[in-house]
Colleague: 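Would you mind keeping the following structure in view while I ask a few things?
Note that the structure is predicted; figures quoted are calculated from it, not measured. Each chain gets a letter, A, B and so on, in the order the sequences are listed, and its residues count up from 1.
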Amino acid sequence: MNWLATLNESQLQAVIHPGGPLFVVAGAGTGKTRTLTAKIAYLIMQGVKPGRILAVTFTNKAAREMKERVIDMTGPHAMDVWLYTFHAFGLQILRRHIAELPYGYKASFTVIDEDDGKKIVSDVIKDLGFDSKMFSVKALKSLISLFKSNRMEEFERSDEEKIYKGYQTYLRENQLIDFDDLLIYTLELLTDYKEIRVLYQHRFDHVLVDEFQDTDVIQYKILKILGEVHKNLFVVGDPDQSIYGFRGANYNNSKLFLKDFNAQEVVLDKNYRSTNLILNAANKLIANNFNRPSEKNLQSDLGQGEPIVYNKEQSDYQETFYVVNQINQLIRKGYQYDDIAILYRNNALSRLFEDALIKDGIPYIIYGGISFYQRREIKDALAYIRVANDHSQDFYLKRIVNVPKRSIGLVSVRKLEDTARHLGISMFDAIDFVILRGQAKESLLKFKQIILDLKEAFDEMEDLYQLMPVLMSKTGYMDMLKLEDSESSEDRMDNLKELQSVFTRGDVYYEGTFYEKLNQQLDQIALYSDLDQDVTEDNHVKLATYHQVKGLEFKIVFMVVLEEGIFPNDRALMSTYELEEERRVAYVGITRAKERLYMTYAERRMVYGQTKMGYPSRFLKESRLNTDVPKEHVTYAKESHLLKTGDHVDHQVFGRGVVVSVDQDIATIAFAMPYGIKNLLESHPAIKKVKK
DNA sequence: CGTAGACACTTTTTT
DNA sequence: AGTGTCTACG
């Protein structure tokens, strides 16, 4: 148990707390995960059966890491700890008990993602004969979500309510469940069904919660019920890092928990991440928020550190240039690209910086974007698998019935759907009965045969890795991609290969028959997000929104585009509540930095195609320390002429090249294809001059 | 059925 | 400015 000795006093106090409700207020970088895992390990050491401990997190990644750490600390029997995301926990409950609910769900229901949900909303709008221009699918989906999870009393318009009902009916008729339902139905089972409630209230002796500040109303109610009997709720969170209010996180849950459970509080404010000038700025900034349930002042033993660098540029373009220049200097000082993150308020801002980094040949990765399982080809493949697995999955059948193209158009699909509805059978079964002209009918019958062939092939399989090759050839999907022969079709083939390796790994993880393994794998995929993968292997500068890096840390952080209207965002200026959330986002940003923090903005910027004036974000002033020396704008016109026309160079990323021209400190260099001509800073560390 | 051009939108998004 | 979605036409 020597890991107990590695804890500081407040961490230890939390870990050995004898039970009963406890709120651990864990500031940024104060060893939150360490405390939580130590607590689980401690409970196990104290003789609590691992299977009687439930710990909930928000991301799969957090759940997985925590489980690995607990196993490291206490041995393999820690496998039995129920360590899940909220949604995965809900899924566990629903797979066992959903048939009790009066909605006609079977244990084999399918979990749909956000995009599928939007597609259904959009189909319902069309089905009801409404003018699709009158509705925003995105807005409606979010209204439906608000209503379902009790965050909105009623719909303002009766047609909105009709769409909601249509959506809900569609889900139920097709055995589909969305992310909201995973939590809502779980709560419903725990609330309305006494035996189920009692079962789970007594199934766990301890319930632990990570990132408590991000829980919403439904999640809180679930926790409240689970903890009602034994009261052993160990809750870790930082109200100052609550930045998902827009998504339903209820800032008041912290106060509610303290009150409802009369919980004790332990504050962790010893920081192990950042130097103190950085922490002071964070402390100063967040002190501007009035609504703070537990105040704390972060301090570390890491010394004063480097002063924060504030920088103003004349234009958005110059701001990117400044950042690129600083990055190059940092690399010369011995930092790795991997140590550096460029953080911004919204995804659209990534583009400018991306362009500048490309121009300079700096390797980078952008967080976010389309996640792997949202890619078209992946969703297509999964849809095929689902339909072959269960022919009555109309929603997924619609997706792939004409992919690859089989001349089954919208009209034919609509007719098939109507026929199915009329006869009260699935679309798949309706293929035999639908009345269509020769070509369409023939294509449908061919499609039906493909699905039947697939099913037959599946029945013969023992392992998941056998699945993809058969799928790709029988459906004609691979032929389609090969025929297309474009850059994007190559990407798509790569992604499908990646899916193949997902299944191959599934063979190791899961046990049982082919179908048992397949269903577990599909469940895992349904709750997967891209944040779950590790992206630390390569040496890259990271570009991300503040939201995307919550929980991460970097030696160097650039907080860019710190301009009023962008950060804080225009839409947040109207309400104190939202403004305080914006400030918490900035707080999260500052506290990501370990050694050096840069805060930059520009006076002129292109916004939606128009040049706008930029004013410094109030967060600059609010976080700025009196001791800071104001740093004036500096220009970077250097003329060192390290390279001249005709020189041969070797670049870390682009390989061999020849200098075409040199203008000031920018060299134009021709590299071999596929890289071509690049404009690079001649002093860039990735470039080496070589003798030909 | 497929696609060119009009037009509409643009905060953050752990599941 | 850039991108995704809808509509009208061949």
Colleague: Round to a whole Å and report the spacing from CG of A/N402 to P of B/dG2.
Modeller: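 For the pair A/N402 CG and B/dG2 P, the rounded distance is 6 Å.
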
Colleague: How would you list all residue pairs meeting side chain to side chain donor-acceptor pair (under 3.5 Å) that involve residues 174-183 of chain A, not counting sequence neighbours?
Modeller: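 Pairs touching residues 174-183 of chain A that pass the test: A/S145-A/D180, A/K148-A/D178, A/K148-A/D181, A/Y167-A/D178.
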
Colleague: Counting only side-chain nitrogens and oxygens, does A/T57 get under 4.0 Å of the OP1 or OP2 atom of B/dT14?
Modeller: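 No, because none of the side-chain N or O atoms of A/T57 sits under 4.0 Å from OP1 or OP2 of B/dT14.
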
Colleague: Between A/D113 (CG) and B/dT14 (C1'), how many Å, whole number?
Modeller: 15 Å

Colleague: Quick check on B/dT14: is either OP1 or OP2 less than 4.0 Å from any side-chain nitrogen or oxygen of A/N60?
Modeller: no

Colleague: Give A/S407 one of three labels, base, sugar-phosphate or nothing, depending on what nucleic acid heavy atoms sit under 4.0 Å from its own.
Modeller: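 Sugar-phosphate only.
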
Colleague: Among residues 558-571 of chain A, which contact DNA chain B at a heavy-atom distance under 4.0 Å?
Modeller: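 Only A/N569, A/R571 qualify.
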
Colleague: Rounded to whole Å, please give me the gap between CG in A/L91 and C1' in B/dT15.
Modeller: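 These atoms are roughly 11 Å apart.
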
Colleague: Ignoring hydrogens and geometry beyond distance, is the side chain of A/D214 in donor-acceptor contact with the base of B/dT14 at under 3.5 Å?
Modeller: yes

Colleague: Can you give one letter per nucleotide of nucleotides 1-7 of chain C, 5' to 3': B if a protein heavy atom sits under 4.0 Å from the base, S if only from the sugar-phosphate, - if neither?
Modeller: BSS---S

Colleague: Is A/R247 salt-bridged to A/D214, cutoff N-O under 4.0 Å?
Modeller: no

Colleague: Heavy atoms only, 4.0 Å cut-off, all strands: where does A/L352 land among base, sugar-phosphate and nothing?
Modeller: nothing

Colleague: Partners of A/F447 by ring pair (Phe, Tyr, Trp, His ring centres under 6.0 Å), sequence neighbours excluded?
Modeller: none

Colleague: Between B/dT13 atom P and A/E582 atom CD, what is the distance in whole Å?
Modeller: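 From A/E582 CD to B/dT13 P: 12 Å.
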
Colleague: Test of understanding: with salt bridge (Lys or Arg N to Asp or Glu O under 4.0 Å), list the residues that count as partners of A/E211, not counting sequence neighbours.
Modeller: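 Salt bridge (Lys or Arg N to Asp or Glu O under 4.0 Å) check on A/E211 returns A/K32, A/K550.
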
Colleague: What's A/Y546 touching, base or sugar-phosphate or nothing? Going by heavy atoms closer than 4.0 Å.
Modeller: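 Answer is nothing: A/Y546 stays at 4.0 Å or more from every strand.
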
Colleague: In whole Å, what is the span from the NZ atom of A/K61 to the P atom of B/dT14?
Modeller: 12 Å

Colleague: Can you tell me if the side-chain N/O atoms of A/N346 get under 4.0 Å from OP1 or OP2 in B/dT13?
Modeller: no

Colleague: Tell me every residue that passes salt bridge (Lys or Arg N to Asp or Glu O under 4.0 Å) with A/R618, counting only those two or more places apart in sequence or in another chain.
Modeller: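 So A/R618 forms a salt bridge (Lys or Arg N to Asp or Glu O under 4.0 Å) with A/E564.
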
Colleague: Using the C1' atoms only, state how far B/dT11 lies from C/dC6, rounded to an integer number of Å.
Modeller: 25 Å

Colleague: Could you measure between the two P atoms, the one in C/dT5 and the one in B/dT12, and give it in whole Å?
Modeller: 16 Å

Colleague: Under 5.5 Å between ring centres and under 30° between planes: does that hold for A/F246 against the base of B/dT12?
Modeller: yes

Colleague: Any side-chain heavy atom of A/E160 sitting closer than 4.5 Å to one from A/F147?
Modeller: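 Not touching, per the 4.5 Å side-chain cut-off.
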
